[in-house]
Trainee: 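Please find one structure pasted underneath; my questions will follow.
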Number of protein chains: 2
Amino acid sequence: MDFSQIELFDGISAASCTDMLVCFGAEFDSFRTGEVVCDYSDDPKRRVGIMRTGRASMIRIDESGNETLLEEVEEGDIFGEVLCFGDGGDYVKLICDEDCDVVFLKYDQITKRCEKACEHHSRLVANLFELMAKKTLSLGERIQLLSRRTTREKLMYYFRLESARRGGEFTLPMSHTRLAEYLCVDRSAMVRELKRLTDDGLVRVDGKKIRLTQAEF
Amino acid sequence: MDFSQIELFDGISAASCTDMLVCFGAEFDSFRTGEVVCDYSDDPKRRVGIMRTGRASMIRIDESGNETLLEEVEEGDIFGEVLCFGDGGDYVKLICDEDCDVVFLKYDQITKRCEKACEHHSRLVANLFELMAKKTLSLGERIQLLSRRTTREKLMYYFRLESARRGGEFTLPMSHTRLAEYLCVDRSAMVRELKRLTDDGLVRVDGKKIRLTQAEF
DNA sequence: TCCGTTTTGTTGCATTTGCAACAGATACCT
DNA sequence: AGGTATCTGTTGCAAATGCAACAAAACGGA
């Protein structure tokens, strides 16, 4: 097993990694596109997952069958019901968008002091801290997005963010249908608003290609 | 200075605490109700704050002057622009709801390996990890709330959560005006929906006293 | 290539929502 | 007690939104 590429184990020797895997109850697993990585309705495993490669979507399905895209889990991201989306009552699952490799750690073993006093235990916790900080940032960003009141504002906020991140013209990383779920608005209403935005000359939309008009800057 | 009551320093001797304060560039500060704890528009200090006592509200004000309550920071919570609500572009500030005591740490010093090799450095990072996990949970909850599409769903989700936490009948921890900002909906629209909910017999509302009707269970 | 599934574009309609405005109630400070 | 600021309850109205439905286009697997 090659640990060198895994951010989680950054700064920790391969030998230590192997040792520590036992302490943390580490489990490695792989999933194929479309498979369910975790099902948080009946999964009291208290595990923390780290996405090594691939992408997955945290999806909530409420009693009416509405699907909501809670978050996108990407390479290097940390996830888990202990961390997030704990108890809402609805059905929550993590579903694979692309084949992915995952490491699971037992949450309780992380904060517990290690009896074996592995020398790098603390380094791993520090790494986890950074992963958490990154996650917190992305959750905060999501809150900023969802706290916009209108579909228009949500779209513009999202576009500005992606535009700043990926460059002036960028390609949506998901389908329009999915984007509507992400923004938590009705798809048809979103498409309507998208048309208004283009009519007002604020954006150019061509399928998944989006470009903000300079008027915005 | 008494460190024993501060969760952040849990498991760390007073002597070590004093040592470490230097490593982390710790600053203690107090604020009075109404004062601005942090102003994230022009504050590139990269500090992490821990609320020792008191309560504060993270508020965003957009260019139109709309206020949004991003999060409630309570005793023991961790906060900071490095962690959350980083860059949206709008004006974001943390404002004191009750007199509060705060510790600030320099974010970069936390993850950096300590040259002085303070023995408890790693314990503190572990404590921070737990604080972060707690924060992540509350952010996740907030996302669950904001991802509801209608005002009715937001209200009911919020009431169920508070009801489970504080008991069958509970008192809103904020004014109706503030609640509307928290749910990110128009206040008058919220009041209207609140009335419909009572008409439908789902809740009883008496000022800040809320009770879910058993029909819900 | 063919077939089934998903996505997209579109529309009508009832409902919800944001917005603005105002008066009365309440809380807060001096 | 008086005065100011905030909160609450309410309304009308225009606009946005959710919902349902359907056909065409695109996609993906056998």
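Fair warning: this is a prediction, and the values are worked out from it, not measured in the lab. Residue numbers start from 1 in every chain, and the chains themselves are labelled A, B, ... in the order their sequence lines are given, proteins ahead of strands.
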Trainee: Round to a whole Å and report the spacing from NE2 of H176(A) to P of dC27(D).
Mentor: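 From H176(A) NE2 to dC27(D) P: 12 Å.
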Trainee: Is any NZ, NE, NH1 or NH2 atom of the basic residue among E193(A) and K154(A) found under 4.0 Å from an Asp or Glu carboxylate oxygen of the other?
Mentor: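 Answer for the salt bridge query: no.
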Trainee: Between K195(B) and dT10(D), does any side-chain N or O lie under 4.0 Å from OP1 or OP2?
Mentor: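 Answer yes for this pair, as a side-chain N or O of K195(B) is under 4.0 Å from OP1 or OP2.
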Trainee: Under the side chain to side chain donor-acceptor pair (under 3.5 Å) criterion, do T68(A) and R60(A) qualify, and how do the steps go?
Mentor: CA-CA 5 Å; T68(A) 303; R60(A) 182 190 66 219; 3.1 Å; yes
Trainee: Would you kindly give the CG-to-P distance between D186(A) and dC13(C), to the nearest whole Å?
Mentor: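 Value for this atom pair: 17 Å.
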Trainee: Output the rounded distance in Å from CD (E181(B)) to P (dT8(D)).
Mentor: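 Answer to the nearest Å: 11 Å.
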Trainee: Could you work out which one of dT17(C), dT8(D), dG18(C) sits closest to the side chain of S175(B)?
Mentor: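 Nucleotide nearest to S175(B)'s side chain: dT8(D).
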Trainee: Salt bridge or not between R55(A) and E72(A)? Use side-chain N to carboxylate O under 4.0 Å.
Mentor: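 A salt bridge links R55(A) with E72(A).
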Trainee: Roughly, in whole Å, what's the span from CD in E193(A) to P in dA15(D)?
Mentor: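 Atom CD in E193(A) sits about 13 Å away from atom P in dA15(D).
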Trainee: Report the distance from atom CZ of R149(A) to atom C1' of dT16(C), rounded to the nearest whole Å.
Mentor: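 Whole-Å distance recorded here is 15 Å.
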Trainee: In terms of the nearest nucleotide of DNA chain C, which residue is placed more toward the 5' end: V191(A) or T150(B)?
Mentor: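 That would be V191(A).
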Trainee: Rounded to the nearest angstrom, tell me the gap between atom CG in L194(A) and atom P in dT8(C).
Mentor: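 The answer, rounded to whole Å, is 11 Å.
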Trainee: At less than 3.5 Å, do the side-chain atoms of R187(B) and the base atoms of dG9(D) form a donor-acceptor pair?
Mentor: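 Check passes, donor-acceptor contact within cut-off.
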Trainee: Would you mind classifying the nucleic acid contact of S188(A) as base, sugar-phosphate or nothing, using non-hydrogen atoms under 4.0 angstrom?
Mentor: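 The residue S188(A) makes base contact.
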Trainee: Between T151(B) and T177(A), just flag the one whose closest nucleotide in DNA chain C comes earlier from the 5' side.
Mentor: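 Its nearest nucleotide being more 5', the pick is T177(A).
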Trainee: Mind checking R192(B) for me? I need base, sugar-phosphate or nothing, with any heavy atom below 4.0 Å counting as a touch.
Mentor: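 Answer is base: heavy atoms of R192(B) come under 4.0 Å of a base.
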Trainee: What's the closest nucleotide to the A189(A) side chain, out of dT17(D), dT10(C), dT10(D)?
Mentor: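 Among dT17(D), dT10(C), dT10(D), the one nearest the side chain of A189(A) is dT17(D).
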Trainee: Can you see which heavy atom on A133(A) is nearest to which on Y107(B), and at what distance?
Mentor: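 Answer, listing the atom of A133(A) first, then Y107(B): CB-OH, 3.5 Å.
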Trainee: Can you tell me the distance, in whole Å, between the CZ atom of R196(B) and the P atom of dT10(D)?
Mentor: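 Whole-Å distance recorded here is 13 Å.
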Trainee: Check every strand shown and say whether R152(A) touches a base, only sugar-phosphate, or nothing at a heavy-atom separation below 4.0 Å.
Mentor: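 Nothing: the residue R152(A), judged by heavy atoms under 4.0 Å, touches no strand.
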Trainee: Under 3.5 Å, is there a donor-acceptor pair between the side chain of E153(A) and the main chain of R149(A)?
Mentor: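 The answer is yes, because a donor-acceptor pair under 3.5 Å joins these two groups.
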Trainee: Between atom CG in D199(A) and atom P in dG9(C), what is the gap in whole Å?
Mentor: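 In whole Å, dG9(C) P and D199(A) CG are 14 Å from each other.
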